[in-house]
Amino acid sequence: MENKIIIGIIAFILGIIVIVFPLLSVGFLVVASGLSVCILAIYWIIRGIQHWNENKATCILYVLVGLFAFFFWTCSNR
């Protein structure tokens, strides 16, 4: 119960910040989502390479999805 109250207070404060500074908030969300896509792309590529001996089809899929996500991230930053 105590965690829900703290999370509610933090969400309320962040909501007020988003209302007061909308452009700053959008800029932060763009950078955060781009960084998360880049990290996920690297994770998928590494996971695909590490498990190559187990199932090659799944590994190829992981590597392709990782490369696609990385390509999408680099194209969206231009």
At their closest point, which heavy atom of I45 faces which heavy atom of L67, and how far apart are they? CD1-CD2, 3.8 Å
Would a single hydrophobic cluster contain both V20 and I17, if residues Ile, Leu, Val, Met, Phe, Trp and Tyr are joined by side-chain heavy-atom contacts under 4.5 Å? yes
Can you tell me which residue among I9, I16, I10 is in a side chain to side chain contact (heavy atoms under 4.5 Å, CB included) with F12? I16
Quick one: pull up NE2 in H51 and CG in N53 and give me the separation to the nearest 0.5 Å. 10.5 Å
Any side-chain heavy atom of I60 within less than 4.5 Å of one from W52? yes
Please report the closest heavy-atom contact between A41 and G66, naming both atoms and the distance. CB-O, 3.3 Å
Consider only side-chain heavy atoms of I, L, V, M, F, W and Y, link residues closer than 4.5 Å, and tell whether F28 and I19 are in one cluster. no
Shortest non-hydrogen contact from F70 to C38? CE1-SG, 3.8 Å
Is there a path of hydrophobic side-chain contacts, each under 4.5 Å between heavy atoms, that joins Y43 and V65? yes
In terms of hydrophobic clustering (I, L, V, M, F, W, Y; side-chain heavy atoms under 4.5 Å; direct or indirect links), are F21 and I13 co-clustered? yes
Measuring from L14:CG to I7:CD1, what's the distance to the nearest 0.5 Å? 11.5 Å
For the student: nearest non-hydrogen atoms of V18 and S25, plus distance: CA-OG, 3.3 Å
Kindly work out whether a path of hydrophobic side-chain contacts (I/L/V/M/F/W/Y, heavy atoms less than 4.5 Å apart) joins L40 to I46. no
Could you check whether any side-chain heavy atom of Y62 comes within less than 4.5 Å of a side-chain heavy atom of T58, counting everything from C-beta outward? yes
